[in-house]
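First the structure, in the form of structure tokens, and then the observations on it.
Proteins come first, then strands; the chains are lettered A, B, ... in the order of their sequence lines, and each starts at number 1.
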Amino acid sequence: MEKVSFHDQIDKNKRYSVLLGGIVFSFLVVFIYVISQIFAPELSIVFLMFGVVIIFVYTYGSYNYGDKVVLAATNAKPVKENDRRYTHLINVVEGLAIAAGIPKPKIYVIESDEINAFATGKNPEHASVAVTTGLLNNLKRDEIEGVIGHELSHIRNYDIRFATLVAVLVGLVAIISHMFLRTFRYGGKSERDKGGILILIGIILAIFAPIVARLVQFAVSRRREFLADASSVQLTRYPEGLASALEKIMKINMGKMKVSEAVSHLFFVDPNKSALDSLYATHPPLKERIKILRSM
Amino acid sequence: MKASENFKLLQEQLEGIENKVAYSRQFYNDSVLGFNNTITTVPGKYFAGMTGKTKSKEFFEIKEAERKPVKVEF
């Protein structure tokens, strides 16, 4: 049973990744077309050709180098193989990688008092897992194993490919929409008379695209978290480790990790707490996760 | 001081190696379980019949004594 379900999940993630790339790609092409129609209708073909090339390169780049962008955005530093401070972390990752049947991912550490972790990459062969120093200092070995097991499950299930693409592409859509709205707001009067309906389309696209992008981010990540919790237990055979790690996180974390919203859905627990927690949360509530783990 | 630090490292490495052995065994047995389930249930059963892979694999089992942590003597 278990086997079948995670293979299904892998196929789904690969499919969704292609779909997401395609949707963002076509959205941007339409967008560029609308912009060029508004500002320089006679040059729209040239615009479009340049635009398509640039967007293609960007989408391709997000697929191949998205993990580097995410790691840089979170200030994660690579761990050297012989660094004695991290021997136990390296051993835990190596052991669980064997259990999950994936190659050992690259290991990174983030300086932060919060307990958190994330995984990124395009496939298990090119994957990285990062943990905070707060996690290493506050959690016991079996608790660390639970968290790492959770992250390695994301890697094995190809959640990382989709989540990393979402992080990078969603960021791009937000930036472009924002740029468009600003250009329009400060644009000259003469341009406003042209276009008409096209400008309206442009504005609607620019307003709704980031909202839709955020909704995708929320929707995709919550269910995956439960699945990764369950897979983690399958690897460690010890639900209590992960449950008590989550309990410590409830006590210790202040929700004040300084990371961009675009990458927050990659993390083990939500790095930023907001007033709109339940509505906007990229993660299911900790209490619910603990309850499910304790009932396993 | 130095010696105790080294000893700690040794202990850590031993624990790491023990875990890796256990995890390898677990991964093997999980794979066997998945394989056996597939060839005995529908629809995998029919494909297994077609390709002649109908024999279920054996689990890797060890004696209780081998499960205990290794003793290190100096």
Quiz item: With a 4.5 angstrom heavy-atom cut-off, which part of Ile90(A) approaches chain B: side chain, backbone, both or neither?
Solution: neither

Self-check item: Under 4.5 Å from any heavy atom of chain B - which part of Ala97(A)
Solution: neither

Quiz item: Given side chains that start at C-beta, do those of His88(A) and Leu9(B) come closer than 4.5 Å, heavy atoms only?
Solution: no

Quiz item: Is any side-chain N of the basic residue among Arg141(A) and Glu12(B) closer than 4.0 Å to the acidic one's carboxylate O?
Solution: yes

Exercise. Applying side-chain contact (heavy atoms from CB on, under 4.5 Å), run through Asn19(B) and Glu94(A) and close with a yes or a no.
Key: CA-CA 9 Å; Asn19(B) 283 342; Glu94(A) 281 176 350; over 6 Å; no

[X] atom [atom1], neighbour heavy-atom count above 12 within 6.0 Å:
X: Glu58(B); atom1: CD; answer: no
X: Phe60(B); atom1: CZ; answer: no
X: Phe59(B); atom1: CZ; answer: yes
X: Asp113(A); atom1: CG; answer: no

Quiz item: Which distance, rounded to the nearest 0.5 Å, do you find between the CG of Leu10(B) and the OG1 of Thr87(A)?
Solution: 11.5 Å

Self-check item: Nearest heavy-atom neighbours spanning Ile98(A) and Tyr23(B)
Solution: CG2-C, 4.1 Å

Quiz prompt | Gly95(A) versus Lys20(B), closest heavy-atom pair with distance | solution = CA-CG, 3.7 Å

Quiz item: Have Glu15(B) and Asn91(A) got a donor and an acceptor in their side chains that come within less than 3.5 Å?
Solution: no

Quiz item: Between Val92(A), Thr236(A), Leu96(A), which has the largest tally of heavy atom pairs under 4.5 Å with chain B?
Solution: Leu96(A)

Quiz item: Do Arg84(A) and Asn6(B) pass the side-chain contact (heavy atoms from CB on, under 4.5 Å) test, and can you show the C-alpha distance, the side-chain angles, and the key distance before you say yes or no?
Solution: CA-CA 10 Å; Arg84(A) 287 195 175 185; Asn6(B) 278 338; 3.2 Å; yes

